[in-house]
Novice: 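Take this structure, written in structure tokens, and hold onto it; I'll ask about it next.
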Amino acid sequence: MDYSTLVKEEEPRLSRVPLTALYEALQQVKDGRKKRGCRYSLALLLTLLLLARLAGATDLRAAAQWIRLRKGWIMEQLHLSRATLPCAGTYGYALERIDAQELLEIVAGCLTRWEAG
């Protein structure tokens with residue numbers, strides 16, 4: 001028998017979306033953290049967490065690990081100059097201080113614009 005069940009998978013849609021556009025959309029989310037001691041922008045934290053969640057990370061520790069393992073790719077795609085990435089505690093602290101409904105509306109609007117384009 002000369003048949004194969006292998007099917008060429010379609011390229012993931014996220015890879016066709018510029019990550020900088022997602023970052024720019026997430027800059028609209030109001031940051032509830034105090035300015036003192038903030039090393040990472042809220043938009044960067046949310047972008048990284050969204051990517052990790054789309055990749056299957058189910059909690060903050062798993063997301064932080066997923067992000068650390070892809071540090072080179074993330075720094076290249078988002079044009080980061082800082083040599084370090086946030087830890088799980090930083091993500092948790094930031095998430096506790098944002099409005100989830102506002103975040104949901106911004107992400108939904110951004111994804112809707114990508115689909116329309």
Side-chain angles (χ1 to χ4, degrees):
M1 206 186 304
D2 294 326
Y3 297 104
S4 174
T5 59
L6 298 177
V7 177
K8 183 179 177 185
E9 293 183 17
E10 182 181 330
E11 179 183 75
R13 299 187 99 175
L14 184 62
S15 66
R16 291 183 270 159
V17 175
L19 295 181
T20 53
L22 176 63
Y23 176 82
E24 290 169 6
L26 290 172
Q27 286 179 326
Q28 300 171 27
V29 178
K30 183 181 176 200
D31 193 348
R33 300 176 296 165
K34 294 180 180 178
K35 299 298 175 203
R36 183 175 181 217
C38 285
R39 293 183 181 157
Y40 305 98
S41 72
L42 180 62
L44 174 63
L45 297 175
L46 295 174
T47 300
L48 296 175
L49 286 174
L50 183 58
L51 291 173
R53 181 63 189 122
L54 289 171
T58 56
D59 63 14
L60 288 179
R61 287 178 55 202
Q65 181 180 10
W66 184 91
I67 292 164
R68 271 194 311 272
L69 292 173
R70 287 147 187 87
K71 178 181 175 180
W73 179 81
I74 288 170
M75 294 185 78
E76 177 185 326
Q77 295 297 313
L78 294 175
H79 311 292
L80 300 178
S81 57
R82 185 179 206 104
T84 61
L85 291 173
C87 67
T90 302
Y91 297 114
Y93 181 78
L95 290 177
E96 290 173 356
R97 288 157 180 79
I98 62 169
D99 180 14
Q101 185 62 35
E102 177 188 18
L103 175 62
L104 181 63
E105 290 172 5
I106 289 172
V107 171
C110 184
L111 294 176
T112 303
R113 284 191 300 277
W114 285 333
E115 280 294 315

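Just so you know, residue 1 is the first one in the sequence shown, and it goes up from there.
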Novice: Is Trp66 reachable from Leu85 through a run of hydrophobic residues whose side-chain heavy atoms are each under 4.5 Å from the next?
Specialist: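 Yes, one cluster joins them.
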Novice: Could you pull out the closest heavy-atom pair between Leu60 and Ala88, with the gap in Å?
Specialist: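 Minimum heavy-atom separation between Leu60 and Ala88: O-CB, 4.0 Å.
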Novice: Report yes if the side chains of Leu103 and Leu26 come closer than 4.5 Å at any heavy-atom pair, otherwise no.
Specialist: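 In short, these two side chains touch, coming nearer than 4.5 Å.
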Novice: Does anything in residues 26-55 pair up under side-chain hydrogen bond (donor to acceptor under 3.5 Å, both in side chains), and if so which pairs, sequence neighbours excluded?
Specialist: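 Matches after skipping sequence neighbours: Tyr23-Ser41, Asp31-Arg33, Tyr40-Thr84.
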Novice: Can you tell me how far CG of Leu45 sits from OG1 of Thr90, rounded to the nearest 0.5 angstrom?
Specialist: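 Thr90 atom OG1 to Leu45 atom CG measures 7.0 Å (nearest 0.5 Å).
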Novice: What closest approach, in Å, do Cys87 and Ala64 show between heavy atoms, and which atom pair accounts for it?
Specialist: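 Heavy atoms of Cys87 and Ala64 come nearest at C-CB, 4.5 Å.
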Novice: What distance do Lys71 atom NZ and Glu76 atom CD have between them, rounded to the nearest 0.5 Å?
Specialist: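 Going from the NZ atom of Lys71 to the CD atom of Glu76 covers 14.0 Å.
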Novice: Would you say that more than 12 heavy atoms from the other residues, nucleotides or ligands in this model lie under 6.0 Å from the CZ of Arg61, or not?
Specialist: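 No, CZ of Arg61 has 12 or fewer neighbouring heavy atoms, counting only those of other groups under 6.0 Å.
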Novice: Treating Ile, Leu, Val, Met, Phe, Trp and Tyr as nodes and any side-chain heavy-atom pair under 4.5 angstrom as an edge, say whether Leu78 and Trp73 lie in one connected cluster.
Specialist: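 Same hydrophobic cluster.
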Novice: Could you tell me which non-hydrogen atom of Thr112 sits nearest to which non-hydrogen atom of Ala108, and how far apart they are?
Specialist: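 Looking at all heavy atoms of both residues, the shortest contact is OG1-O, 2.7 Å.
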Novice: Can you hop from Met75 to Leu49 via hydrophobic side chains spaced under 4.5 Å?
Specialist: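 In one cluster with Met75: Leu49, yes.
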Novice: If every non-hydrogen atom of Ala62 is compared with every non-hydrogen atom of Ala57, which pair is closest and at what distance?
Specialist: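 So the minimum-distance heavy-atom pair works out to C-CB, 4.0 Å.
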Novice: Tell me whether Ile106 is reachable from Leu48 by hopping between hydrophobic residues (I, L, V, M, F, W, Y) whose side-chain heavy atoms are closer than 4.5 Å.
Specialist: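 Same cluster: Leu48 reaches Ile106 through Ile, Leu, Val, Met, Phe, Trp or Tyr contacts under 4.5 Å.
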Novice: Under 4.5 Å between side-chain heavy atoms, counting indirect links through other Ile/Leu/Val/Met/Phe/Trp/Tyr residues: same cluster for Leu54 and Leu46 or not?
Specialist: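 Yes, it is one cluster - the side chains of Leu54 and Leu46 are joined through contacts under 4.5 Å.
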Novice: Which value, rounded to the nearest 0.5 Å, describes the distance between Gln77 atom CD and Leu22 atom CG?
Specialist: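 Taking CD in Gln77 and CG in Leu22, the distance rounds to 12.0 Å.
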